[in-house]
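Below: the structure, in structure tokens.
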2 protein chains.
Amino acid sequence: MTTQATPPRTVKRRAPGRPATDSPDLRATLIEAALACFVRDGIAATSSRNIAKEAGVTPAMLNYYFGSKQALQDAVFEERLLPAVMSLRERVGSTGDDVIAMTRQFVQGVLGLVDAFPWFPSLWVREVLCEGGALRELLLSRIGPELPQMLAGRFAQAQQRGQLNAALDPRLLVVSLIGLTLFPAASAPIWRQIFQAELGTDVLVRHALALLGHGLEPAHEN
Amino acid sequence: MTTQATPPRTVKRRAPGRPATDSPDLRATLIEAALACFVRDGIAATSSRNIAKEAGVTPAMLNYYFGSKQALQDAVFEERLLPAVMSLRERVGSTGDDVIAMTRQFVQGVLGLVDAFPWFPSLWVREVLCEGGALRELLLSRIGPELPQMLAGRFAQAQQRGQLNAALDPRLLVVSLIGLTLFPAASAPIWRQIFQAELGTDVLVRHALALLGHGLEPAHEN
DNA sequence: CTCTTAATTAATCATAGCTTTAATTAATTT
DNA sequence: AAATTAATTAAAGCTATGATTAATTAAGAG
């Protein structure tokens, strides 16, 4: 009963030949469709036919506009993922010397990114975090390791000045920041299922900052 | 130069027919090979041929012993993943009333699991965490949501008793526990690449417990 | 109005994937 | 020792995939 109740985009079987001038920008439509498939099913599991069906066209269009599946994938990376990452990079890169403020800016930056690009966490986990992910090497080669290295360096300096819990590892702190922001956002569906509750980014920000600020301890009263 | 320098298992091209009685348990070998492929490349990207090559046999053996690729996948789940998860479940389930002790037990339990089954984090992220992961529904239907729900419930009670930072969300705390243990373990390769350093589970435990204990703050001196 | 060009579908190709079948050989049973 | 059973490879079948080509139609140029 529920199968195929809502066809993806277009229902009408278009005749071959150039369409009348009501056509939207198909290149953009294809990138959008590819991104949707990549996020939903993963890049490796997405076929040209899937993307074409999602966009409501034939697989040949994909080659007409991009030349190959790989080229389309590259375009999605270049025109969607990279701008998203860059926005975070700029947002967090220009921060002062105070690691607490820097932490807050990072947490809010990441979760702001998630609000702006809800597809980002899922794609990042599957295609960047996972070994063999299709975008991992590409992303590292394009934006480099500077941002995490810079953050870790700042944490290390603050620790030397005694401004940071000495038992922490500065590099793992960078990992923890992501584990408390991007990871929860990416895994939201499974927690929604388990806890039967929606955990929005605002709650996430508050929780992450509280945990980073004081850990599990209740507010100090002394 | 580095390509194919070390063939996966057997090099000698075995003739057809039943082998002389030096054969190891091929069923176990196949499960092992499948797990290795699943962890390295992901379940969706692993073909029968890949598994067969990894085990040094023909793809037909896979059908001879399991009937289908799906059945082999089910066997890997049942005989490898499920026991690993169960061991954690028992380890953490039998904990006292103190949430601090419970937290420590969970962190040490997860990272002990990682030490015992180094393949676990990667597989968990790709096949359970990721939407559409091949093992997600299976795992939820087999072990259920009780463990995370129980942990969240304990945190909520402790918070009501004033023993827990009031700004934290009890459910997100469960997520955070995983974000500070399983997630770093799963993403270790990428951090290794970025920081040019190995971050072992012992460092991870110390760091996670420090962060959970006091957050970023230096040790209190008042 | 005609010709060319752009955009699209349908049909096709070659390749790789999962599965099945037939053939082959060693072990086991009688 | 002959017959049967078990374990294995080689080969083939069918399907899905990425890519290409030919056909088709509207838009735009002269």
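Order of the sequence lines sets the chain letters (A, B, ...), proteins ahead of strands, with each chain counted from 1.
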(message) From C-beta outward on A:Met61, which listed nucleotide comes closest to its side chain: C:dT9, D:dA19, D:dT8?
(response) C:dT9
(request) Mind calculating the distance between CG (B:Leu72) and C1' (C:dC18) to the nearest angstrom? (result) 13 Å
(message) Let's see if you can work this out: which of C:dT19, D:dT17, C:dA10 has an atom nearest to the side-chain heavy atoms of B:Asn63?
(response) C:dT19
(request) Measure from the side-chain heavy atoms of B:Ala60 and tell me the nearest of C:dA10, D:dA10, C:dC18. (result) D:dA10
(message) Do the side chains of B:Glu198 and B:Arg192 get close enough for a salt bridge, i.e. N-O under 4.0 angstrom?
(response) yes
(request) May I have the distance from B:Leu62 (atom CG) to D:dT9 (atom C1'), rounded to whole angstrom? (result) 14 Å
(request) In sequence, state the C-alpha distance, the side-chain angles, and the governing distance for A:Leu129 and A:Leu182, and then conclude on side-chain contact (heavy atoms from CB on, under 4.5 Å). (result) CA-CA 11 Å; A:Leu129 178 77; A:Leu182 213 48; over 6 Å; no
(request) Check the distance between C:dG17's C1' and B:Ile43's CD1 and give it to me in whole angstrom. (result) 17 Å
(message) For a quick check of understanding: with a heavy-atom distance under 4.0 Å over all strands, which category does B:Phe66 fall into, base, sugar-phosphate or nothing?
(response) nothing
(message) Salt bridge check, A:Glu131 against A:Arg136: does any charged N sit closer than 4.0 Å to a carboxylate O?
(response) no
(request) Check B:Val57, B:Leu30, B:Ile31 against B:Tyr65 for a side-chain contact (heavy atoms from CB on, under 4.5 Å) and give me the one that passes. (result) B:Leu30
(request) Round to a whole Å and report the spacing from NZ of B:Lys53 to P of D:dT9. (result) 14 Å
(message) So if I take every side-chain heavy atom of A:Ser48 and compare against C:dT8, D:dT8, D:dA19, which nucleotide ends up nearest?
(response) D:dA19
(message) Rounding to an integer number of Å, can you tell me how far B:Arg27 CZ sits from D:dA7 P?
(response) 13 Å
(message) Any side-chain to backbone donor/acceptor pair from B:Ser68 onto B:Ala71? Under 3.5 Å, distance only.
(response) yes
(request) Can you tell me the distance, in whole Å, between the CD atom of B:Gln73 and the P atom of C:dT19? (result) 11 Å
(request) Side chain of B:Tyr64 only, please: which of D:dT9, D:dA6, C:dC18 is the nearest? (result) D:dA6
(request) Give the rounded distance in Å between these two atoms: NZ of A:Lys69 and P of D:dT20. (result) 15 Å
(message) Using a heavy-atom cut-off of 4.0 Å across all strands, would you classify B:Ser47 as base, sugar-phosphate, or nothing?
(response) sugar-phosphate
(request) Using the closest heavy atom to pick a nucleotide of DNA chain C for each, name whichever of A:Tyr65 or B:Gln70 lands nearer the 5' end. (result) A:Tyr65
(message) Taking the minimum atom-to-atom distance to the side chain of A:Thr58, which one of C:dA10, C:dG17, D:dA19 wins?
(response) C:dA10
(message) Please report the distance, rounded to the nearest Å, between CG in B:Leu26 and P in D:dA7.
(response) 10 Å
(message) I want to verify a distance call: between D:dG18, D:dA7, C:dA7, whose nearest atom is closest to the A:Arg49 side chain?
(response) D:dG18
